[in-house]
Amino acid sequence: MTMNEILVQVYLWVSQCKVVFNMKESKCSSKAVCDICFYCREICVVEMIESSMKVGGSGVIVEIDESKFGKHKFHRGKRVEGKWVFGGVERETDACFMKVVADSGEVER
């Protein structure tokens with residue numbers, strides 16, 4: 001892919017366009033579009049993990065939740081293989097954290 005094609009794909013990913021639309025707009029294969037989308041998501045994950053900070057304190061409200069990140073094969077209702085992620089966000093400042101939960105149930109550092 002040329003640099004222009006990559007920049008178009010990144011722009012379309014940031015704009016949250018669907019893969020089919022990205023393929024039509026850029027005339028790239030589905031594999032190329034999916035690879036760029038995967039790479040963009042990986043960059044976001046690394047940035048979130050590296051910029052995590054301590055949140056909360058006395059009288060500060062922090063909303064917490066967990067989610068499982070994985071992929072359904074062919075969008076079927078089977079059990080998803082993936083990683084559990086625990087995260088939270090401070091209501092007033094939007095400071096947030098995310099931590100991957102290890103298979104043993106402990107949070108990875």
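All residue numbers refer to positions in the sequence shown, counting from 1.
- There is no path of hydrophobic side-chain contacts, each under 4.5 Å, that joins Val89 to Val85.
- Rounding to the nearest 0.5 angstrom, the gap separating the CE atom in Met98 from the OG atom in Ser67 is 9.0 Å.
- Rounded to the nearest 0.5 Å, atoms CD (Glu92) and CG (Asp94) are 10.0 Å apart.
- Taking SG of Cys34 as the start and CE of Met23 as the end, the distance is 8.0 Å to the nearest 0.5 Å.
- Cluster membership for Phe21 and Val8, using ILVMFWY side-chain heavy atoms within less than 4.5 angstrom, is shared.
- When all heavy atoms of Val55 and Cys96 are compared, the closest pair comes out as CG1-N, 3.9 Å.
- Here Glu25 pairs with nothing under the salt bridge (charged side-chain N to carboxylate O under 4.0 Å, His left out) rule; sequence neighbours left out.
- In this structure, Val33 and Cys28 approach most closely via the heavy-atom pair CG2-CB, 4.0 Å.
- Distance CH2/Trp13 to CD1/Ile6: 15.0 Å, rounded to 0.5 Å.
- Both Val101 and Ile64 belong to a single network of hydrophobic side chains, linked directly or stepwise wherever heavy atoms of I, L, V, M, F, W or Y lie under 4.5 Å apart.
- Trp84 approaches Glu66 most closely through the heavy-atom pair CZ3-CG, 3.7 Å.
- Across Asn22 and Leu12, no two heavy atoms sit closer than the pair OD1-CB, 3.4 Å.
- Atoms CG and OG, on Asp35 and Ser29 in that order, are 7.5 Å from each other to the nearest 0.5 Å.
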